[in-house]
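Chain A is the first sequence line, chain B the second, and so forth, proteins listed ahead of strands; every chain is numbered from 1.
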Amino acid sequence: MPRPRKPASPFRYFNSSPEVIRLVVMMYVRFPLSLRNVEDLLFERGIDISHETVRMWWNRFGPMFAGDIRRQRRSAMRGFRHWRWHLDEMYVKLNGEMVYLWRAVDQEGEILESFVTRARDKDAALRFMKRALKHHSAPYAITTDGLRSYRAAMNELGNTAKQEVGRWVNNRVENSHLPFRRRERAMLRFRRMKSLQKFASVHANIHNHFNLERHLVDRQTFKERRSAALAEWQSFAS
DNA sequence: CAGCCCATACCGGTAGCGCT
DNA sequence: AGCGCTACCGGTATGGGCTG
């Protein structure tokens, strides 16, 4: 009988410890810092890495960490009966061209899905919704704006009954654009659909993980949650 | 407004480290 | 010991800010 082999650690070839790599990825994705900003900040604390290393690490480990966060969220929401999704699109500039970033956000402000397309039509809406439904269990209701592509896509999926069109009752979902816009600005620009797609989805998941709504809870509670979020962060991809 | 300057992300190539 | 892979370097394209 073959001896059960321990899966190789994704950190095995890297010169730096998993702790440092996790710190770097968190700094770069979570805050509006450039690759070089991260390099310089770490240098001040005695860690010597190149900005290119920062780029490589977020590309390699960002999706892994994001996947861990998403899986956690998915199992926490399994069986939840009053899950409501809000669908929305925003413009993002990509090499001078405008593309669309579709997003599904739930009633708690968690960003469930990010999807980049060149067109804003039924086909794009359909692909976006199928992807969201693949990654999460189906919600109780879906709210959209008046864009007709949503209705057409819902007809195709056969779940029109769940759709509610209207202005959203709160601005929570619109607010979730802000962190991405701030981050987008620090990156100067996106060049390829693939890296925009990757960044949008990694950013959304990491934002969810560290979004502790500090204004809604007392300081003690906030500090406990923050410690918990950091401790969990240090366990990802291990 | 035009032209210049600077900071940035991204890419190909490769030395040599570190894993098996 | 052999080789897969990381980390880094030099180069390029490009957008925003600045100056006049």
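Judged purely by atom type and a 3.5 angstrom limit, A:His136 uses its side chain to pair as donor or acceptor with the backbone of A:Leu112. Side-chain atoms of A:Thr53 never come within 3.5 Å of backbone atoms of A:Ile49 as a donor-acceptor pair (strictly under, hydrogens ignored).
Taking CZ of A:Phe210 as the reference point, atom CZ of A:Arg226 lies at 11.0 Å (rounded to 0.5 Å). Atoms CD and CG, on A:Glu232 and A:Asp68 in that order, are 10.0 Å from each other to the nearest 0.5 Å.
A straight line from CG of A:Leu33 to C1' of B:dA9 spans 15 Å, rounded to a whole angstrom. Following rounding to the nearest Å, A:Lys194 (NZ) and B:dC10 (P) show an atom-to-atom distance of 12 Å. Atom CG of A:Asn37 is separated from atom P of B:dC6 by 18 Å (rounded to the nearest Å). Spacing between atom CG of A:Leu35 and atom C1' of C:dA7 amounts to 14 Å, rounded to whole angstrom units. Atom NE2 of A:His51 and atom P of B:dA9 are 8 Å apart (whole Å). Remark: C1' of C:dA7 and CH2 of A:Trp58 are 18 Å apart, rounded to the nearest angstrom.
Both A:Ile49 and A:Arg36 sit near DNA chain C, but only A:Ile49 has its closest nucleotide nearer the 5' end.
Among residue pairs with one or both ends in residues 114-130 of chain A, those qualifying as salt bridge (Lys or Arg N to Asp or Glu O under 4.0 Å) are A:Glu89-A:Arg120, A:Glu97-A:Arg118, A:Lys122-A:Glu156, A:Asp123-A:Arg127; sequence neighbours excluded.
A sub-4.0 Å separation between OP1 or OP2 of B:dT8 and a side-chain N or O of A:Ser34 is present.
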Measure all distances between protein nitrogen or oxygen atoms and nitrogen or oxygen atoms of nucleotides 11-14 of chain B, and list the pairs falling under 3.5 Å.
{"unit_1": "B:dC11", "atom_1": "OP1", "unit_2": "A:Arg192", "atom_2": "NE", "d": "3.4"}
{"unit_1": "B:dC11", "atom_1": "OP1", "unit_2": "A:Arg192", "atom_2": "NH1", "d": "2.7"}
{"unit_1": "B:dC11", "atom_1": "N4", "unit_2": "A:Glu52", "atom_2": "OE1", "d": "2.5"}

Atom pairs under 3.5 Å: protein N/O with N/O of nucleotides 4-6 of chain C:
{"unit_1": "C:dT6", "atom_1": "OP1", "unit_2": "A:Arg60", "atom_2": "NH1", "d": "2.8"}
{"unit_1": "C:dT6", "atom_1": "OP1", "unit_2": "A:Arg60", "atom_2": "NH2", "d": "2.9"}
{"unit_1": "C:dT6", "atom_1": "OP2", "unit_2": "A:Arg60", "atom_2": "NH2", "d": "3.4"}

Check step by step if side-chain hydrogen bond (donor to acceptor under 3.5 Å, both in side chains) holds for A:Asp106 and A:Trp83.
CA-CA 7 Å; A:Asp106 72 10; A:Trp83 210 13; 3.0 Å; yes

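Of the listed residues (A:Arg84, A:Arg73, A:Arg74, A:Arg103), just one forms a salt bridge (charged side-chain N to carboxylate O under 4.0 Å, His left out) with A:Glu110, and that residue is A:Arg73.
Aromatic ring orientation, A:Trp233 versus A:Phe236: perpendicular (interplanar angle above 60°, classes split at 30° and 60°).
With respect to the salt-bridge test (charged N to carboxylate O, under 4.0 angstrom), the residues A:Glu52 and A:Arg55 qualify.
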